[in-house]
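The block underneath contains the structure these notes are about, expressed in structure tokens.
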Amino acid sequence: MAKKVSDMDYINSTMLTSKTEFDAVLPDVFENGKDYIYLGADKYARVCVISLYPNTMYLGFLNDFFEINDINISVFVDHIKNSDVIRIITSKLATIESNRILQEKRTGIADYGLRQAVSDLEAMRQMIQTNNDRMANLQILITL
Amino acid sequence: MGADLIFNIFLILSVIAGAVVAFIVMKDKGVFGNDKANEKAITASASAGRVIDEKLLIDQSKLQDLLNIQEIDDNSIIHLKRNNGLRVIFSISTPDIYLLNDDEQHVFENALLNIALSLNFPVQFFTTTRKIETRKSSEKILGTVNSTDPKVSANLKQYSAMLYEQLLSIEQNRKINEIKNYCVVGVSNIFEDKRAHNELSARIETVVKGFTTAKIKTDLLEKEKVLQLLCDMLNRGDNIPIDKFMDDKAFESRYTTGEMAFQERTIGGNMNG
């Protein structure tokens, strides 16, 4: 649809359509689907996020993903203040501990899962309070 | 007679009320095409004589907005459009941990832990796979193959030809990829330019020192390489050589928005000239 535009719009449009480095960078199409991104003929991308992490991790635990060709992994790391972390851990610790005591009184059976969680949180709080460890918000995005 | 008159009046009023409701509903849905944006555009275009495809203008600006990049300056600093954000990208090359013995792995892990403890600002690590690019090497080898220099022996030419074939086969093999690691460091929400740059420098120093201690090689990506990285991300599977485009001066101007160019030209007094 062709229509008359002002001087300002005309200049904007001519600058935007002039050849810059970004013209070569931009994809032909960028269309957000329900769970994919369409980037032109036969080019699709899907972004996944790791929402649950294993209890123990080792160096290079994401390396196996690179067996899949054409994959991008993005890791965002943002540190949290120690005081905030201690407050959150203490609150979580109190909740889990009270649940554990109530459950064990009611059933008379030890819940080793909750005991382990309490023990882990206490160890973590000790490490942070003694300035031997820090906590960070971590987000791992995998683009296929 | 009186009842008929009242009935007719009621009928006419209900028809009018229905028409008004229908008009309001259709206007809200934009059936008439007179939404606020269109009215604004029509007003703006009233005094202009040029004709342009409006759809093209909107779509291209939206695509550029996706990147959120204002410009990449000569110091390889990426200026974002929002929150006065500045970013720099490093390529990092780590030692292959599978080639290290247990003690060396332990030392490497400790060095990484120390980096993690020393960072008190957000950092992004990015790993990507891409097809192996052998174009530059291949071209040089092909130069030897086609050389007319008498000093280049037939054996060397034969060897170069085989090497060239091998490089081509590696490049064309879809199963062979190289893994590239990047680290993005930046600042946001510091609106005083000098302070923002100083903060960015301090953060870069922290990161680079940490990596150097862990024997990780870092390399600040130049403008061409940043563009190449963006290009590879957004045009998956295509090996578009941005550096070649730039060498051939395929781009007329550096990246800038139309509004900035308009202001520069207005300030320069060239607008009416």
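Both backbone and side-chain heavy atoms feed into the values below; hydrogens, waters and symmetry mates do not. For clarity, every value in this text was computed on a predicted model and none was experimentally measured. Here is the naming used below: chain letters follow the sequence lines, and residue numbers restart at 1 for every chain.
Only the side chain of B/Leu112 has a heavy atom closer than 4.5 Å to any heavy atom of chain A. Contact of B/Ile97 with chain A is made through the side chain alone, with heavy-atom distances under 4.5 Å. Only the backbone of A/Tyr44 comes within contact range of chain B, with heavy atoms under 4.5 Å apart. No part of A/Asn137 comes within reach of chain B, as not one of its non-hydrogen atoms sits under 4.5 angstrom from that chain. For B/Tyr98, the part lying near chain A is the side chain, with the backbone staying farther off; criterion is any non-hydrogen pair under 4.5 Å. The parts of B/Leu119 that come within reach of chain A are both its backbone and its side chain, each placing non-hydrogen atoms under 4.5 angstrom from that chain.
Distance alone, capped at 3.5 Å, places no donor-acceptor pair between the A/His79 side chain and the B/Ser118 backbone.
Distance CG/B/Leu117 to CG/A/Asp133: 6.5 Å, rounded to 0.5 Å. Note that the CG atom of B/Leu234 and the CD1 atom of A/Ile37 stand 9.5 Å from one another [nearest 0.5 Å]. Distance check, rounded to the nearest 0.5 Å: OG1 of A/Thr143 to CZ of B/Phe126 gives 6.5 Å.
B/Thr129 and A/Asn72 make their closest contact through N-OD1, 4.3 Å (heavy atoms, listed as atom of the first residue, atom of the second, distance).
In this structure the side chain of A/Phe65 never reaches within 4.5 angstrom of the side chain of B/Thr127, judged on heavy atoms.
Each of A/Leu62, A/Ile140, A/Leu39, A/Ile71 has some count of heavy-atom pairs under 4.5 Å with chain B, and the biggest count is that of A/Ile71.
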